[in-house]
There are 2 protein chains.
Amino acid sequence: MAPNNHQSLIGRGPSLADVLTQKLSDEIASGQFKPGEKLPTEQQIAETYGVSRPIVREAIGRLKHDGVVVSRQGAGAFVAESGSPAVFRLQVSDFTDRDEIRGIVELLMAVESSATELAALRRTDEDLASLQGQLDAMQAAIDRGEPGVDEDVSFHRAIVEATKNPFFRDLSDFLDRRVRTFIRTARSNTARGQAGLTALVQNEHQAIFEAIRAGDAGRARSAAEEHLRNAADRLALYLRP
Amino acid sequence: MAPNNHQSLIGRGPSLADVLTQKLSDEIASGQFKPGEKLPTEQQIAETYGVSRPIVREAIGRLKHDGVVVSRQGAGAFVAESGSPAVFRLQVSDFTDRDEIRGIVELLMAVESSATELAALRRTDEDLASLQGQLDAMQAAIDRGEPGVDEDVSFHRAIVEATKNPFFRDLSDFLDRRVRTFIRTARSNTARGQAGLTALVQNEHQAIFEAIRAGDAGRARSAAEEHLRNAADRLALYLRP
DNA sequence: GACAAGCAACTTGTCAGGCAACTAGGTCAT
DNA sequence: ATGACCTAGTTGCCTGACAAGTTGCTTGTC
C-alpha cells in the first residue's frame, strides 16, 4: 500500500503521478534500469506500486517528455540510450528564496559574460544594427521618462542572439526571465526603482555595444561583467531581509 | 499536420498528448492564457481539441511537471504566476548532430570556467581534500593503464561542488553528461583514444587544482579554459565528417 | 531439418464512464 | 445582515474496453 500521508498540511499535496514519476526517475538514475533496457509493462508497474494504469501512463509520459524513456507501441517502454535526461530541471522551490535567486544570478552572470564575449567575435552587420536599434529604443524610453524594461530585455536578447549559439540564447533567456520575474514580484512589495537608474544602465549597454562592434572579445566580457555586477548590486537591495 | 517543431524528439510518432502539450504550451507562452488565469476545464479542453479527458490530463500533467501550470482539486487548473517555465529544455534532436554538440561544448566551457573560478574563491578544506583524492585516483588509473574516465568525471564534479552553487553543479553536471555520452557513442564507431592522453589530462587537472588551492580565481579560470580548449580540440576529432 | 508465412499473445495508445475529494458560490434559517 | 449549509462544478483517480502495432511461436512447405 501507499497511503499518501503527508498531505493534510495544505491544500495541494503531491499527486500519485508526481510520486511515481519521482520513483521511476530515481530508479533509472540509480542504474536500476540501464540505458536501452526495457521497463516493466504498464500493468506490472501499476501492480508494483499499487496505482492504476492511467497514473502509470502519466508518469511514463512525463519521463518521455523529459527524454529519459522512449516507448514504441506494441513493443514497450525503454530507458533512453543516453540514460541521462534531455532537459535541465531548474528546481525553483520558492520565488522569495534569497539564496536561490543569488545562485541563479551568479549563473546568469557566467553565461551572459561568455555570451557577450562570443557575440563580439561573431556579430554580423545585422546583429549590430539590431543592437543599435535597441539602444535607440532605450534612449527614447529614457527621454519619455519610462523605465524601459522591455528595451533592456531586448538588448540582452540581441546579444545572445549574436552568439549564433541557440543554447546560449535559450539558457540566458531562461535565466534572465527568472531573475526578472523575481524582481517584479519583489518590487511590488517595496518602493519603486529610481528614475535616473535607467540612464546608468544605458551607459553600460553603450560600453558593451562598443566592444562588440569593435570585435574586442576581452573588452566585451569586461563590460558585460561590470554591467552584471552592477545589476547584481542593484538587485541586492531586494535581497535584504 | 502535427507541427512537431520541438519535442517528442525520439518517439516514432508524436502521440496526441505530445501534440496537445505543445499546443497548450504555445498558447500559454503566447499570452493567450495569462499568468494566474484559470484554464478551461479538462472537459472543455477535451471537446475543443477533440481528444479524451485522459489525454488532456496527461498534457496538463506535463505542464504541471514543467511548472507552467498549477492545479487545485475542485477549483481548476491555473497558469503559474511566473508565466515562465521552471525547467530549461535542452532540445537535443540527434546525438550525432555536430553543430549541436559544438554548441553544447561551448556552453559547457563557459559554465565550467566560471565554476572553476568560483571554486577557487570558495573551496573549503574538505573540497581540497576531495579534489586531491580524485587526482590520486586518476594517477592510480594511469598507473594501471586505464583511461580513468570515471575519475575524470569525479574531478570535475568535485570542482563544481566547491562552488557551493547547486545550479552550477547541476547544469555543469548535465552538460558534461551530454558531451560524454556523445563521445561514448561516437568513439564506438571510430578508433580508441590514445593511451598516453590521460597523462596530459592529468597535468591539466593538476594545474587547475593548484590554482584552486592557492585561491587564485584568475589563474583557476585560465587553467580551466586551457583544459577545456584542449578537450574541445580532442573532441573535434570526432566531429570531423 | 531448415525456412518462411502467418497467427496469436502481448504491449502501448486511446476512449468511455463513473465515483470520491474538494472548492466555490448561492441559499436558507436565524 | 450574517452565518451555517447545501449543491453544482472541477480535479484526482479508478475500472474496463477496444484499436494499433510488435514480437515470438507455431505451422505448413520444401
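Chain naming here is simple, since letters A, B, ... match the order of the sequence lines and numbering starts at 1 in each. Any value given below was found using the heavy atoms of this structure, including those in side chains, with hydrogens, waters and symmetry copies removed. Quantities reported herein were computed from a predicted structural model and do not represent experimental measurements.
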Regarding Ile60(A), tell me which of base, sugar-phosphate or nothing describes its non-hydrogen contacts under 4.0 Å with the strands shown. nothing
Quickly work out the [X] [atom1] to [N] [atom2] distance and round it to whole Å.
X        : N       : atom1 : atom2 : answer
Arg57(B) : dA16(C) : CZ    : C1'   : 15 Å
Gln73(A) : dG13(C) : CD    : C1'   : 5 Å
Leu20(B) : dG13(C) : CG    : P     : 16 Å
Leu39(A) : dT22(D) : CG    : P     : 18 Å
Gln43(B) : dG18(C) : CD    : P     : 12 Å
Lys38(A) : dT22(D) : NZ    : C1'   : 11 Å
Glu58(A) : dT12(C) : CD    : P     : 17 Å
Glu42(A) : dC14(D) : CD    : C1'   : 15 Å

Side chain of [X], heavy atoms from C-beta onward: which of [options] has the nearest atom to it?
X        : options                   : result
Ser52(B) : dA16(C), dT11(D), dT12(C) : dA16(C)
Leu16(B) : dT14(C), dT11(D), dG21(D) : dT14(C)
Ala75(A) : dC15(C), dA21(C), dT22(D) : dT22(D)

Polar contact flag, side-chain donor to acceptor under 3.5 angstrom, Asp127(B)-Thr124(B): yes
Would you say the side-chain atoms of Asp66(B) and His65(A) include a donor-acceptor pair closer than 3.5 Å? yes
Validation row, ring centre His227(B) to ring centre His205(B) under 6.0 Å: yes
Is any side-chain N or O of [X] closer than 4.0 Å to OP1 or OP2 of [N]?
X        : N       : answer
Ser71(B) : dG12(D) : yes
Arg72(B) : dC22(C) : no
Lys64(B) : dT11(D) : no
Arg53(B) : dA16(C) : no

How do Pro40(B) and Pro54(B) order along DNA chain D: which one's closest nucleotide is nearer the 5' end? Pro40(B)
Closer than 3.5 angstrom, by distance alone: can the side chain of Asn165(A) be matched with the main-chain N or O of Phe167(A) as a donor-acceptor pair? yes
Check the pair Asp170(A) / Arg89(B) against salt bridge (Lys or Arg N to Asp or Glu O under 4.0 Å), numbers first and verdict last. CA-CA 9 Å; Asp170(A) 293 345; Arg89(B) 288 210 115 69; over 6 Å; no
